[in-house]
Amino acid sequence: MYYAYKYRLKPSDAHREELDRHRDICRQLYNHTLYRLNEYQDEHGDLPSMTTLRSEIPDLKKWWDGLSDVYSKVLQTVVERLFDNLKGLSKLKENGYAVGQLKWKPPREFRSFTYSQSGFKLDKKGGQTVLSLSKLADIPIRLHRAIPDDANLKQVTIKKEPTGEWFATFGVEMDREPPEPSENPEKCVGIDVGILKYAHDTDGTAVGSLDLSDERDRLEREKRKLSRKQHGSNNYEKQRRRVAECHADLRRKRRDFLHKLSAYYAREYDLVAVEDLNVKEMMETPSNSRNTASAAWRTFLSLLEYKCEREGTHFVAVNPRGTTKACASCGVSTDKPLWVREHSCPACGFEADRDANAAWNILSRGLEDVGVGYSESTPVETALPVDTPVSAKRVVEAGSPTLKERTASTVSE
């Protein structure tokens with residue numbers, strides 16, 4: 001399997017200057033390659049191959065000062081990056097999207113370059129771990145978690161974040177294959193995601209949404225300060241970095257929460273059923289789009305899917321239509337507005353939390369898709385408490401010690 005391990009670099013001022021110089025040379029090569037691609041298309045009426053443009057690099061070094069200072073594999077990956085972008089545009093066009101043409105990259109939009117196959121290694125120098133980059137420098141790196149001994153390092157991408165921090169992301173290939181999902185999963189769970197409660201599962205656990213209101217307020221304050229600075233001045237650049245730090249803080253806290261929650265479900269259960277949500281379509285609706293974007297449901301489902309594959313857990317994405325309206329006990333559909341948070345079936349009298357009822361419907365559909373049966377009694381009868389209409393046995397707030405204890409083993413994800 002293929003994994004990505006991301007680490008923070010600790011470059012000195014001289015290292016930062018050299019990293020920026022290499023990054024800018026790669027950016028200029030990208031723009032030159034795009035110019036040559038358009039020129040070739042105008043002359044021949046067809047796009048050149050990647051090999052054609054990549055073979056021009058040795059001739060460029062004869063008159064381009066500084067191009068020889070960059071490792072050859074890095075220059076080749078710049079050309080590959082251009083063609084990867086072309087493939088991305090082609091796929092969007094095939095899916096019916098209106099796409100334009102690739103544009104030249106300004107300095108702020110070209111933030112990374114890649115060493116592929118060779119030219120890099122992890123080493124120990126002066127009592128600290130460094131990342132040795134060919135034709136660049138030995139840059140100290142913070143290895144907050146170890147790379148497995150049997151891992152094969154395929155590439156490393158060096159990236160500068162808007163905050164000015166530098167990171168190294170290793171592409172790691174493992175020889176071992178993930179475990180096969182069980183043919184008869186015993187621990188199964190259905191998850192209904194929402195905004196008031198981020199996740200409500202069939203085990204009666206309701207996980208509260210992550211409260212990022214303080215971080216958003218800080219971001220809005222810093223953005224107002226930025227709007228009062230003169231564009232291009234030193235004070236503007238300092239304030240721009242503060243805004244970038246606010247964005248990074250929001251992103252880190254959200255992804256930390258999603259990583260821990262998804263890792264918990266992937267490791268604790270044999271089968272996980274979720275809704276196959278069309279978040280893009282939901283974002284286009286005029287109501288509640290900001291909360292929908294902040295919830296990052298698609299990111300959560302993507303993280304959960306690959307972690308289930310890694311842990312040998314069944315991941316089932318079911319059709320979400322009607323999961324809230326249908327009764328989990330008898331299947332009768334009942335319309336209810338969004339503000340009604342309890343499900344009460346007029347046919348069988350079953351009462352439960354609205355989200356818990358949806359979670360059971362999601363699990364039932366997931367079991368049907370996988371072809372796994374249940375016991376003689378229905379899941380509702382065996383797992384939901386019968387002495388109360390509220391089916392959340394425990395409510396876990398995001399960031400609380402309880403959630404941290406449940407996900408303590410996933411901090412390194």
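Keep in mind it's a predicted model, so treat the numbers as computed, not measured.
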Steps toward side-chain contact (heavy atoms from CB on, under 4.5 Å) verdict (I195, W297): CA-CA 10 Å; I195 293 175; W297 291 325; 3.7 Å; yes
Evaluate the salt bridge (charged side-chain N to carboxylate O under 4.0 Å, His left out) criterion for residues K62 and D59: first the C-alpha distance (whole Å), next the side-chain angles of each, then the deciding distance (0.1 Å), finally the verdict. CA-CA 6 Å; K62 297 177 182 178; D59 293 333; 3.6 Å; yes
Dump the intermediate steps for side-chain contact (heavy atoms from CB on, under 4.5 Å) on L153 and V172, then the final yes or no. CA-CA 5 Å; L153 300 182; V172 176; 3.7 Å; yes
What's the verdict on side-chain contact (heavy atoms from CB on, under 4.5 Å) for L67 and L75, showing C-alpha distance, side-chain angles and the deciding distance? CA-CA 8 Å; L67 199 63; L75 300 177; 3.9 Å; yes
Determine whether D249 and R254 satisfy the following criterion, salt bridge (charged side-chain N to carboxylate O under 4.0 Å, His left out), listing intermediate values before the conclusion. CA-CA 9 Å; D249 188 40; R254 183 182 293 114; over 6 Å; no
Verdict with supporting geometry, N235 and Q230, side-chain contact (heavy atoms from CB on, under 4.5 Å): CA-CA 8 Å; N235 286 335; Q230 182 179 355; over 6 Å; no
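Taking the side chain as every heavy atom from C-beta outward, Y2 and K154 approach each other to under 4.5 Å. Residues T205 and Y264 are not in side-chain contact: their nearest non-hydrogen atoms beyond the backbone lie 4.5 Å or more apart. Within the 4.5 Å cutoff, the side chain of I158 has heavy atoms near those of the L131 side chain. Residues T77 and F113 fail the side-chain proximity criterion, which asks for heavy atoms closer than 4.5 Å. Put simply, the side chain of K159 does not reach to within 4.5 Å of the side chain of T169, judged on heavy atoms. No side-chain heavy atom of V70 sits less than 4.5 Å from a side-chain heavy atom of L29. L271 has its side chain within reach of L367: a pair of non-hydrogen atoms, C-beta onward, lies under 4.5 Å apart. The shortest distance between side-chain heavy atoms of F257 and V207 falls below 4.5 Å.
Comment: E237 engages R240 in a salt bridge, judged by a side-chain N to carboxylate O separation of less than 4.0 angstrom. For D24 and R21, the salt-bridge test fails: no basic side-chain N is under 4.0 Å from an acidic carboxylate O. A salt bridge does not link R81 with D84: none of the charged nitrogens is closer than 4.0 Å to a carboxylate oxygen. Look at E94 and K91 and you find no salt bridge, because none of the NZ, NE, NH1 or NH2 atoms lies under 4.0 Å from a carboxylate O. A salt bridge is absent between R111 and D20: the closest approach of a Lys/Arg side-chain nitrogen to an acidic carboxylate oxygen does not fall below 4.0 angstrom. A salt bridge links E80 and R54; the closest N-O separation between the charged side-chain nitrogens and carboxylate oxygens is under 4.0 Å.
Within 6.0 Å of NZ on K187 lie more than 12 heavy atoms contributed by other residues, nucleotides or ligands. Around CG of D150, the count of heavy atoms belonging to other residues, nucleotides or ligands within 6.0 Å exceeds 12. Within a 6.0 Å sphere centred on CG of N95, heavy atoms belonging to other residues, nucleotides or ligands number more than 12.
Note: R354 CZ to K325 NZ = 9.5 Å, rounded to the nearest 0.5 Å. Atom CG in D192 sits 8.5 Å away from atom NE2 in H200 (nearest 0.5 Å). The distance from atom NZ of K229 to atom NZ of K238, rounded to the nearest 0.5 Å, is 9.5 Å. To the nearest 0.5 Å, atoms CG (L122) and CG (L143) are separated by 6.0 Å. The CD1 atom of I57 lies 11.0 Å from the OG atom of S68; values are rounded to the nearest 0.5 Å. Considering CD of Q41 and CG of L47, their distance stands at 4.5 Å, rounded to 0.5 Å.
Between E161 and the choices K6, R252, R241, the salt bridge (charged side-chain N to carboxylate O under 4.0 Å, His left out) rule is met once, by K6. Of the candidates E215, R221, K223, E222, K223 is the only one forming a side chain to side chain contact (heavy atoms under 4.5 Å, CB included) with L219.
Using cut-offs of 30° and 60° for the angle between ring planes, the Y236 and H231 rings count as tilted. Using a 30° and 60° split on the angle between ring planes, W104 and Y35 fall in the perpendicular class, above 60°. Relative ring orientation between F120 and F170 is described as tilted, the plane-to-plane angle lying within the 30° to 60° band.
Between the side chain of N31 and the backbone N or O of K105, at least one donor-acceptor pair lies under 3.5 Å. Y5 places no side-chain N or O within donor-acceptor distance of the main-chain N or O of R145, the cut-off being under 3.5 Å. Under a 3.5 Å cut-off, the side chain of R142 and the backbone N or O of K10 do not form any donor-acceptor pair.
Considering every non-hydrogen atom in both L102 and L34, the closest pair reads O-CD2, 3.7 Å. Here the closest non-hydrogen pair linking A168 and V156 is CB-CG2, 4.0 Å. Here the closest heavy-atom approach between residue R36 and residue E56 is recorded as NH2-OE2, 2.7 Å. Taking each heavy atom of S209 and G194 in turn, the nearest pair found is OG-O, 4.3 Å. Residues N357 and A326 share a closest heavy-atom pair of ND2-O, 2.8 Å. Here the shortest heavy-atom pairing between T323 and P320 reads OG1-O, 3.0 Å.
A donor-acceptor contact under 3.5 angstrom links the side chains of S213 and D211, judged on distance only. Y269 and D201 are not linked by any side-chain donor-acceptor pair at a separation below 3.5 angstrom, with hydrogens and angles left out of the test. Side-chain contact check for T129 and K124: at least one donor-acceptor pair (N or O, by modelled atom type) lies under 3.5 Å. Neither side chain, Y265 nor T313, offers a donor N or O lying under 3.5 Å from an acceptor on the other. Side-chain contact of H259 with K307: a donor-acceptor pair under 3.5 Å is present, judged by distance alone.
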